[in-house]
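I have placed the structure first, in the form of structure tokens, so that the comments after it can refer back to it.
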Amino acid sequence: MKKTILTGIKPTGQIHLGNYIGAIKPALELAVEEDYSPIYFVADYHGLTKTIDSEEFRSFSYGIAAAWLALGLNPEKTIFYRQSDVPEIFELNWILSCLASKGLMNRAHAYKAIADNNKKAQKDKDYGVNMGLYNYPILMAADILMFRTGIVPVGKDQIQHVEIARDIAESFNRKYGGTFVLPDYNIQEDTAVLPGLDGRKMSKSYHNTIPIFSEQAKLRKLINKIKTDSLPPEVPKDPDKSTIFMLYKEFALPAEVESMRQQFLTGVGWGEAKGQLFHVMNRFLEQPRERYKELMESPETIDKVLKEGADKAREMSVPFLKEIKRKIGFYS
């Protein structure tokens with residue numbers, strides 16, 4: 001029996017290399033394997049945890065969908081939907097909220113990080129925390145459990161959310177009988193934490209990302225800003241500790257990767273390495289960049305794809321929610 005694989009991306013900004021390498025690329029690779037049934041979505045309700053302009057929010061939501069499609073997602077072979085178009089997820093969210101302890105939410109990394117920073121700044125620990133952010137792991141659990149998900153491709157910092165989903169599912173199964181599949185996570189260890197332009201984790205909050213659909217000139221400029229050390233060209237360099245090499249191998253052919261590795265080990269100038277990185281990245285992104293533009297200029301095309309995907313998703317979520325509610329005791 002095929003395992004369901006599920007993942008989603010929040011519309012909180014432009015898709016960047018961290019999103020692609022850490023989530024989209026591995027998800028697309030898994031989607032073509034015969035052992036999996038892929039379900040991917042635009043996590044628009046998750047995006048509400050950060051208050052943004054409504055027009056910007058709409059644009060980011062379309063941008064997420066357009067990125068998936070431009071980078072190769074096949075909606076004929078994948079259930080691809082907008083989270084807000086599947087209301088059963090939000091009803092399940094409330095049910096799971098009533099099974100999740102506050103202590104479990106207190107231990108969630110995102111909340112703890114804000115609480116710790118507030119404490120250091122001598123503010124109330126909950127300053128700036130809305131209930132959407134606090135309950136975020138429960139809605140993510142609803143996303144996962146609604147579709148009997150077996151595998152969730154995530155970044156290393158998202159592992160805890162899958163573990164929380166498992167905890168809640170186990171609690172429900174103990175109380176009401178076997179209902180939910182216990183999900184596992186899937187990560188690429190070598191790209192689990194992708195460095196940004198400044199060497200820190202690539203993150204919109206650090207303003208150190210490379211938007212994946214940047215125009216050629218902008219892409220070259222951003223690549224040239226990647227932080228490097230002061231070693232001269234002739235000095236051997238460790239490719240496995242280089243942001244440039246880490247990015248290069250995600251877009252280059254195997255023979256090119258091996259050639260670049262040897263250049264690092266025997267000595268290469270950072271300017272030369274950055275130039276080669278731009279070449280392979282731009283080569284890969286030329287067609288997706290054009291497809292992305294076409295889709296963003298045709299939101300009705302995106303709406304049609306997402307609506308058809310939501311209809312497929314609801315063929316699964318409607319009967320499953322009825323089963324869940326029956327077990328709880330809402331009706332016989």
Side-chain angles (χ1 to χ4, degrees), residues 9-10 12-26 50 60 63-64 67 71 109-110 113-114 116-117 120-121 153-159 187-254 256-286 288-289 292:
I9 297 179
K10 294 188 298 183
T12 54
Q14 292 182 314
I15 288 288
H16 58 74
L17 288 183
N19 301 135
Y20 172 67
I21 294 172
I24 295 177
K25 183 182 179 184
K50 294 184 178 180
F60 287 161
I64 297 292
L71 290 165
H109 293 327
I114 293 177
D116 289 346
N117 287 336
K120 290 176 182 177
V154 293
K156 198 169 185 178
D157 57 345
Q158 294 283 313
I159 290 174
I187 61 171
Q188 291 183 306
E189 289 293 343
D190 58 344
T191 57
V193 179
L194 185 71
L197 298 175
D198 56 3
R200 295 182 294 176
K201 173 189 171 184
M202 188 174 289
S203 170
K204 299 182 188 79
S205 60
Y206 293 152
H207 305 289
N208 65 353
T209 65
I210 300 179
I212 197 163
F213 297 113
S214 299
E215 294 294 341
Q216 290 189 39
K218 178 68 172 177
L219 178 62
R220 187 189 293 274
K221 184 176 181 180
L222 289 170
I223 288 173
N224 286 335
K225 292 174 74 172
I226 294 174
K227 184 178 180 180
T228 56
D229 57 37
S230 57
L231 290 175
E234 65 274 10
V235 175
K237 301 167 180 66
D238 186 348
D240 297 321
K241 292 183 180 179
S242 168
T243 301
I244 295 171
F245 185 78
M246 186 179 293
L247 293 175
Y248 183 87
K249 67 182 181 178
E250 295 295 331
F251 296 95
L253 301 174
E256 292 173 327
V257 173
E258 184 55 33
S259 174
M260 177 66 94
R261 178 178 288 277
Q262 291 305 313
Q263 289 181 63
F264 266 76
L265 295 175
T266 57
V268 65
W270 291 125
E272 170 65 19
K274 289 177 180 180
Q276 292 189 49
L277 172 59
F278 168 77
H279 171 72
V280 296
M281 279 185 61
N282 190 61
R283 179 184 65 193
F284 175 84
L285 292 169
E286 278 181 329
R289 187 188 293 134
Y292 177 81

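For the numbers below, each heavy atom of this structure counts, side chains included, while hydrogens, waters and symmetry mates do not. Index from 1, following the sequence. Nothing here was measured: the structure is a model prediction, and the numbers come from that model.
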What pair of heavy atoms forms the shortest contact from [X] to [Y], and how long is it?
X	Y	value
Lys249	Val257	CA-CG2, 3.7 Å
Phe278	Ile223	CA-CD1, 3.5 Å
Met202	Asn208	CA-OD1, 3.5 Å
Val154	Gln158	CB-CB, 3.6 Å
Leu277	Ile226	CD2-CD1, 3.9 Å
Pro239	Lys237	CD-O, 3.1 Å

Close side-chain approach of [X] and [Y], heavy atoms under 4.5 Å:
X	Y	value
Tyr292	Leu285	no
Gln276	Val280	no
Ile9	Phe60	no
Leu197	Leu222	yes
Met246	Pro195	yes
Leu219	Arg289	yes
Asp240	Arg261	yes
Leu17	Thr209	no

- Should we say atom CZ of Arg220 is surrounded by more than 12 heavy atoms from elsewhere, each under 6.0 Å from it?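 It does not: Arg220 CZ has 12 such atoms or fewer within range.
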- Task: Determine whether more than 12 heavy atoms belonging to other residues, nucleotides or ligands lie under 6.0 Å from atom CD of Glu256.
- Result: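 Count over threshold, so yes.
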Could you measure the distance from the [atom1] atom of [X] to the [atom2] atom of [Y]? Nearest 0.5 Å is fine.
X	Y	atom1	atom2	value
Asn19	Lys10	CG	NZ	10.5 Å
Glu215	Lys221	CD	NZ	14.0 Å
Glu286	Asn282	CD	CG	5.0 Å
Ile244	Met260	CD1	CE	8.0 Å
Ile21	Ile212	CD1	CD1	7.5 Å
Phe213	Gln14	CZ	CD	10.0 Å

- For Asn224, does its backbone N or O pair with a side-chain atom of Lys274 as donor and acceptor, under 3.5 Å?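 Yes: the side chain of Lys274 pairs with the backbone of Asn224.
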- Message: Donor-acceptor check, side chain of Lys218 to backbone of Pro211, threshold 3.5 angstrom: yes or no?
- Response: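 Answer holds: no.
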- Message: Checking Gln263 against Glu272: is there a side-chain donor and acceptor pair closer than 3.5 Å?
- Response: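 Short answer, no.
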- Message: In terms of relative ring orientation, are Phe264 and Phe245 parallel, tilted or perpendicular, with 30° and 60° separating the classes?
- Response: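 Aromatic pair Phe264/Phe245 classed perpendicular.
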